[in-house]
**Q** 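So that we are looking at the same thing, I have put the structure below in structure tokens.
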2 protein chains.
Amino acid sequence: MDFQQQLKSLGMSVTPVRLAVLEALNENPHSEASRIFQAVQDKLHTASIQAVYKNLNAFVEHGLIKEFRPKGMSAIYETRVGDNHHHLVCRSCGLIEDTDCIDTAPCLTSTDPKDFKIDEAEIIFWGICPTCQNKHHSEIGET
Amino acid sequence: MDFQQQLKSLGMSVTPVRLAVLEALNENPHSEASRIFQAVQDKLHTASIQAVYKNLNAFVEHGLIKEFRPKGMSAIYETRVGDNHHHLVCRSCGLIEDTDCIDTAPCLTSTDPKDFKIDEAEIIFWGICPTCQNKHHSEIGET
DNA sequence: ATCAATATTTTTAATTATTAAATTATTTAT
DNA sequence: ATAAATAATTTAATAATTAAAAATATTGAT
């Protein structure tokens, strides 16, 4: 199903900006708003960052995309939804990669859930990516 | 070991603002900078938010406190470090609670680590806290 | 206790990320 | 093709965080 169809089936109207945002995000997974804005501009030669933010929020609310916020970074968006995957984040260069969950079912088991009704477990694995491991060890610094 | 000792052993000089920040955070776990600033003001009747930010960052760098950033919130700080615990966050009211890890050792096992050298797994369990579960179901909204 | 060196705090200001409101343009349903 | 509803642009504001310079406090040596 293409983006046009997806928007319609969610009852959202189809606009050039919206399609451009979704395409941009699809082509640049794990992007922040400003990067998506740039990519949208490349496609449309016009567009406001406000519209980008507004649509990103609308898409998140409709479950079309996901948002997460690693410390030291702006909000990060991704189109991969509906499965239960997590993220590897490089402390050195900020690279973000998807990583699968152990189960196909969401890993919602906390040993000590304090009576919370848990619906999602969001995991960030912090570490050093392969590329940065091969650089100077001395240059590795935390954010 | 009290805060004064901890600062000294890290080679950091001891100041009223620093002690107040650490005490404030100890008394208000899972606080954001502005809340800590308020608590510091209550103790010192003077102090700048800039000093609070600067010290929070310095403490994080020295491993004296930890920082994390649930989506929709400002940076959250905590004094509980050195163990491997995670967080329960209420989607409705924003309440944050600690929750223990399954193992005493950090749960660093990703099924698909993509050659990252992982040193930390940070988990946020999203859900609804007991108090909010007992409120109107209709009022529950995501951020 | 005092002094110099160093680090921290305050003050003033800037930047970055994000959201809001009003007006104009586009989309959708008819 | 038109009207009503929705979205985009423009202009502006707010919130969170960081920066730089001057003033002050802390530390370690005397």
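So that the names make sense, note that chain A is the first sequence line, chain B the second, and so on, each numbered from 1.
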**Q** Mind calculating the distance between CD1 (A:Ile49) and C1' (D:dT11) to the nearest angstrom?
**A**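 About 15 Å, once rounded to whole Å.
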**Q** So, is A:Asn57 close to the C:dT19 phosphate, meaning a side-chain N or O under 4.0 Å from OP1 or OP2?
**A**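 Result: yes.
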**Q** For A:His87 and A:Phe68, I'd like to know if the aromatic rings sit close, meaning centre-to-centre distance below 6.0 Å.
**A**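 A:His87 vs A:Phe68: aromatic centres under 6.0 Å.
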**Q** Assign each of A:Ala33 and A:Val14 to its nearest nucleotide of DNA chain C by heavy atoms, then name whichever residue's nucleotide is nearer the 5' end.
**A**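 The residue whose closest nucleotide sits nearer the 5' end is A:Ala33.
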**Q** Under 4.0 Å, counting only non-hydrogen atoms across every strand here, what does B:Lys54 touch: a base, just sugar-phosphate, or nothing?
**A**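 Base: the residue B:Lys54, judged by heavy atoms under 4.0 Å, touches a nucleobase.
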**Q** Select one nucleotide: of D:dT9, D:dA16, C:dT11, the one nearest the side-chain heavy atoms of B:Glu32.
**A**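 Minimum distance to the B:Glu32 side chain belongs to D:dA16.
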**Q** Which of these passes side chain to side chain contact (heavy atoms under 4.5 Å, CB included) with A:His86: A:Asp98, A:Ile123, A:Asp100?
**A**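 Going through the options one by one, the only one that passes is A:Ile123.
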**Q** A:Met12 CE to D:dA5 P: how many Å, rounded?
**A**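 So the CE-P distance, A:Met12 to D:dA5, works out to 18 Å.
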**Q** Counting side-chain heavy atoms from CB outward, which of C:dT9, D:dT17, D:dA7 is closest to B:Ser74?
**A**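 Ranking C:dT9, D:dT17, D:dA7 by closest atom to the B:Ser74 side chain puts D:dT17 first.
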**Q** Calculate the interatomic distance between B:Glu67 atom CD and D:dA16 atom P; express it in whole Å.
**A**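 Spelled out: CD on B:Glu67 to P on D:dA16 is 14 Å.
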**Q** Nearest whole Å is fine: how far is C:dT28 P from A:Leu7 CG?
**A**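 These atoms are roughly 9 Å apart.
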**Q** Send over the distance from B:Lys43 NZ to C:dT9 P, rounded to a whole Å.
**A**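 Nearest whole value for this atom pair: 16 Å.
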**Q** Using a 3.5 Å distance criterion without hydrogens, assess whether the side chain of B:Asn28 forms a donor-acceptor pair with backbone atoms of B:Ser31.
**A**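 Checked: no pair found.
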**Q** For C:dT18, take OP1 and OP2 only and decide whether either is under 4.0 Å from a side-chain N or O of A:Tyr53.
**A**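 So the side chain of A:Tyr53 is within the cut-off, an N or O lying under 4.0 Å from OP1 or OP2 of C:dT18.
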**Q** What is the nucleic acid contact for B:Ser34, judged by heavy atoms within less than 4.0 Å: base, sugar-phosphate only, or nothing?
**A**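 The answer is nothing, as B:Ser34 stays clear of every strand by at least 4.0 Å.
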**Q** Taking CE from B:Met73 and P from C:dT18, how many angstroms apart are they, rounded to a whole number?
**A**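 In whole Å, C:dT18 P and B:Met73 CE are 16 Å from each other.
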**Q** Could you check if a side-chain atom of A:Arg91 sits within less than 4.5 angstrom of a side-chain atom of B:Glu120, using non-hydrogen atoms only?
**A**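 With C-beta onward as the side chain, the pair touches.
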**Q** Remember a base hit wins even if backbone is also touched, and classify B:Thr15 as base, sugar-phosphate or nothing at under 4.0 Å, heavy atoms.
**A**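 Since only primed, P, OP1 and OP2 atoms lie under 4.0 Å of B:Thr15, the category is sugar-phosphate.
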**Q** Could you check whether B:Glu78 and B:His85, counting side-chain N and O atoms only, form a donor-acceptor pair closer than 3.5 Å?
**A**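 Note: B:His85 and B:Glu78 side chains meet the donor-acceptor criterion.
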**Q** For the pair made of CZ in A:Phe37 and P in C:dT16, what is the distance, rounded to whole Å?
**A**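 Atom-to-atom, A:Phe37 to C:dT16, this comes out as 15 Å.
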**Q** To the nearest Å, give me how far apart NE2 (B:His62) and P (C:dA7) are.
**A**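 Those two atoms, NE2 and P, are 11 Å apart.
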**Q** Which nucleotide in the list D:dT26, C:dT11, D:dA7 gets nearest to the side chain of B:Ser13?
**A**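 Of the candidates, D:dT26 comes closest.
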**Q** With the side chain of A:Thr46 defined as its heavy atoms from C-beta on, choose the nearest nucleotide among C:dT9, D:dT9, D:dA7.
**A**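 For the A:Thr46 side chain, the nearest candidate turns out to be D:dT9.
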